[in-house]
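Okay, so here's the structure we're looking at.
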Amino acid sequence: MFARYLRTSAIFFAPILLILVGIEVGLRRIPNDYSFKHEQLVRNGSEFQILVLGNSHAYKGIDPEVIGLPGFNAANISQDLSYDRAVLERHLPYLPSLDYIILPISYGTLGSHMASGKESWRVKNYTIYMGIDKDANELADHLELLIRPMQDQLSMLSKYYLKGRDNRSCQQSGVASQMRRTGVDLSSTGRKAAARHFHPSNPATEQSLKDLDAIIALASQHSIEVVLVTLPAWSSYRRELDPVQLERKNATCERLANNSPAVHYFDLLDDPRFDSTNFEDADHLSFSGSVKVSKLIAILISGLPKNDNRNNEELHLELEPSPSE
Amino acid sequence: MLFNSVDFAIFLPIVLVLFWALERKSFRYGNAWLLLASMFFYGWWDWRFLGLVFLSGSLDYWASIQIERSKTPRSKRAWLAASIVLNLGILGFFKYYDFFVSSFSKAFVLLGHPIEISTLGLILPVGISFYTFQSMSYTIDVYRGDLKASHQPIEFGAYLLFFPQLVAGPIERATNLLPQFRAPRSFDLDKAVDGSRQMLWGLFKKVVIADQCAVIVNDVFNDPTSKPAYLLIIAAVLFAFQIYCDFSGYSDIAIGCARLFGIGLMRNFAFPYFSRDIAEFWRRWHISLSTWFRDYLYIPLGGSRGSTWTRIRNTFIIFLVSGFWHGANYTFIVWGTIHALLFLPLLLRNKNRLHTDIAAEGRSFPSFQEAISILLTFATTTVAWVFFRAPDVASAWSYLGHAFTDLVAHPGQIILLPTALIHLAVVPFIALLLVAEWTQRSRQHALDTIERHLSRPMRWTLYYLLLFAVLYNSGEEQSFIYFQF
């Protein structure tokens with residue numbers, strides 16, 4: 001009797017399982033930032049001299065194409081230092097020409113831990129599309145199906161397979177697309193973002209430091225220079241920052257830069273050349289801001305010992321402080 | 001582990017297949033496997049909670065054996081009292097300690113003598129009220145001589161921790177459930193198939209109706225003052241359906257799941273929103289709790305016998321305790337009081353057993369009078385649910401006050417009500433629920449007799465549609481409301 005029940009149940013559920021498997025396969029085949037970045041790093045990694053890592057600040061802020069050296073932006077939203085390290089370790093064999101790792105260290109970078117926060121759902125992107133499964137402890141970390149409501153998944157499938165719209169939102173160089181949010185209130189987003197990025201010293205901070213050291217050590221083994229940079233943020237964000245946490249970030253970056261000639265640190269947090277038009281919100285650069293900061297980074301890199309004799313005339317920037325802030 | 005999770009979808013078939021494989025050898029192996037599986041199921045939330053269930057269960061296991069061995073009634077009473085005090089002590093400490101401490105502090109502040117007692121911020125173990133009551137019922141039944149004490153710890157553990165009903169009931173009587181762990185169980189195909197159907201219907205109610213209602217309800221209840229009256233009314237009605245579908249959905253899954261293991265659980269809901277008065281509502285809503293209170297509290301207090309004063313007192317005690325059982329908040333006490341006030345007139349006029357049959361028995365539609373009674377009962381319970389849902393009593397009053405004053409100020413909103421309802425995606429599903437449950441109101445659940453009415457292809461099509469609706473509306477797993485109790 002029980003065998004009959006099992007048999008009937010298997011027959012009943014088989015089509016459902018097939019449909020679910022079909023949806024999972026269909027979803028995985030939709031190109032997204034993670035699959036694109038992994039593919040680019042594997043296929044074209046041998047050409048890249050610059051690799052940009054980091055979270056959304058880097059993802060939206062640094063365009064390797066503007067910097068002028070062959071490079072790629074492998075940053076992603078909420079990507080913490082442990083994932084920066086994992087992405088580097090995973091792809092370093094494909095990056096034989098790499099000279100520079102540009103690693104933005106924001107106010108909230110040390111202590112940020114994607115896998116345990118609100119953004120933990122992104123773990124599956126690294127597991128499925130990059131082969132990085134360091135935090136994939138749950139079933140949901142291996143499947144697209146379990147992340148969002150089925151109605152959203154069906155809508156994604158129809159968008160891609162019927163209308164040809166994929167989930168990729170970055171450009172060829174890996175930086176976020178030029179289509180950015182507009183009309184965001186710079187003053188109100190500052191307070192919220194600062195609160196979101198506040199991490200009192202915790203075990204995650206210690207882990208961040210270990211990951212940072214590991215990235216530097218790995219780079220050093222391969223004669224790669226590490227450029228730590230704090231990207232500009234709008235005043236409404238800056239004035240809400242906790243001075244202790246900010247100082248911890250500054251001291252850490254300066255210590256690392258002082259300890260090794262292959263590590264450099266540039267703090268652009270309150271760079272006066274950035275005005276309101278350069279920001280998408282209080283802590284993210286707009287398209288024009290990303291072009292400006294990428295040019296600035298190019299100039300800074302050009303002053304580093306390892307840099308070849310590039311023509312820096314193209315990188316000319318208005319160095320007058322902006323009056324609008 | 002939630003019933004509406006992928007974890008459970010993997011857990012259940014594994015446990016089921018191994019259970020019947022072991023049960024074939026000996027029902028004791030089956031018990032042991034069920035105990036292990038139940039511990040895993042409960043420990044999935046937090047393995048530390050297991051310690052508390054073990055403490056509570058061990059106390060009752062031991063106390064019941066002592067009750068049985070006691071030679072004098074006095075000694076029996078002492079063991080029973082010890083068991084009850086310890087059980088209620090654990091429950092009270094975890095569930096009510098912070099509430100009483102903060103209430104005392106506030107009272108002393110009002111008296112002008114502020115005192116400092118700090119709350120502990122304890123995490124409430126999942127389902128503590130359910131398993132504590134089930135465990136207590138066992139000791140009381142042994143004390144009363146209705147049941148022999150268990151001398152098999154595995155058998156008792158499997159009874160107490162039986163995973164389908166561990167965290168949110170039905171609160172089983174030991175006299176019903178324990179004997180089912182004392183003898184071999186046999187697989188009954190018809191019961192298993194019907195159990196599977198009941199689980200599917202429970203999932204549909206939870207995922208498709210309760211969780212979708214929750215989106216609107218949470219939005220409105222989180223900021224009611226900025227919403228117009230018609231939205232407040234809609235949210236209150238939707239909450240009535242949310243809590244019913246959430247809790248009865250859980251019960252359907254629990255009962256259906258138990259049937260797969262050859263175990264029968266008691267009924268917990270009998271289509272309560274078709275009740276014609278509050279007394280009938282309480283015979284149909286959360287039956288396992290209301291009968292628990294009836295058997296172990298109301299009747300020992302004298303029940304509905306005795307003077308008018310005794311009846312009033314007993315009614316208030318039962319409803320206030322029932323309200324307070326739900327949680328450490330004055331909102332639940334007010335909710336219980338409202339029901340007591342609605343029930344009392346029926347009791348005092350001896351009309352509390354006026355409707356012991358089902359509504360419109362033998363007919364397809366209710367009479368006009370029945371329809372009005374059903375609607376009025378639903379409306380009064382819906383108003384009471386506002387207190388149940390609101391974060392505090394003041395917010396509940398404010399919610400009702402705002403709904404009423406805004407409606408008086410802008411009576412045109414009445415026209416907006418049906419228009420707004422049409423745009424709610426959940427409304428057709430609620431309509432389906434009402435039609436299905438109305439036609440099956442004399443049965444155990446809405447898909448109970450489907451085999452008699454539909455051919456197999458039609459049935460399977462219906463199951464697939466229900467399952468598709470469940471999958472389509474599933475996303476982030478939503479916990480069951482009653483888990484917090």
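Every heavy atom of this structure was used, including side-chain atoms; hydrogens, water molecules and symmetry mates were not. Throughout, a chain's letter reflects where its sequence line sits, starting with A, and its residues are numbered from 1.
- Between A:His197 and A:His57, the ring planes lie perpendicular to each other; the angle is over 60°, past the 30° to 60° tilted range.
- In this structure, A:Lys134 satisfies the cation-pi test against A:Tyr83, with its NZ or CZ atom closer than 6.0 Å to the six-membered ring centre and inside 45 degrees of the ring normal.
- Each of B:Phe261, B:Phe187, B:Phe19 was scored for a ring pair (Phe, Tyr, Trp, His ring centres under 6.0 Å) with A:Phe2, with one residue passing: B:Phe187.
- Looking at A:Leu6, the atoms closer than 4.5 Å to chain B (heavy atoms on both sides) all sit in the side chain, from C-beta outward.
- In this structure, the portion of B:Leu260 lying under 4.5 Å from any heavy atom of chain A is its side chain and not its backbone.
- Around the CH2 atom of B:Trp47, the shell of radius 6.0 Å holds no more than 12 heavy atoms that belong to other residues, nucleotides or ligands.
- With a threshold of 4.5 angstrom between heavy atoms, A:Leu143 does not approach chain B through any atom at all.
- A salt bridge between A:Glu24 and A:Arg28 is present, with a side-chain N of the basic residue lying under 4.0 Å from a carboxylate O of the acidic one.
- B:Asp188 does not touch chain A: none of its heavy atoms, backbone or side chain, sits under 4.5 Å away.
- For A:Ile11, the parts lying under 4.5 angstrom from a heavy atom of chain B are both the backbone and the side chain.
- Proximity to chain B is absent for every atom of A:Ser9, based on heavy atoms less than 4.5 angstrom apart.
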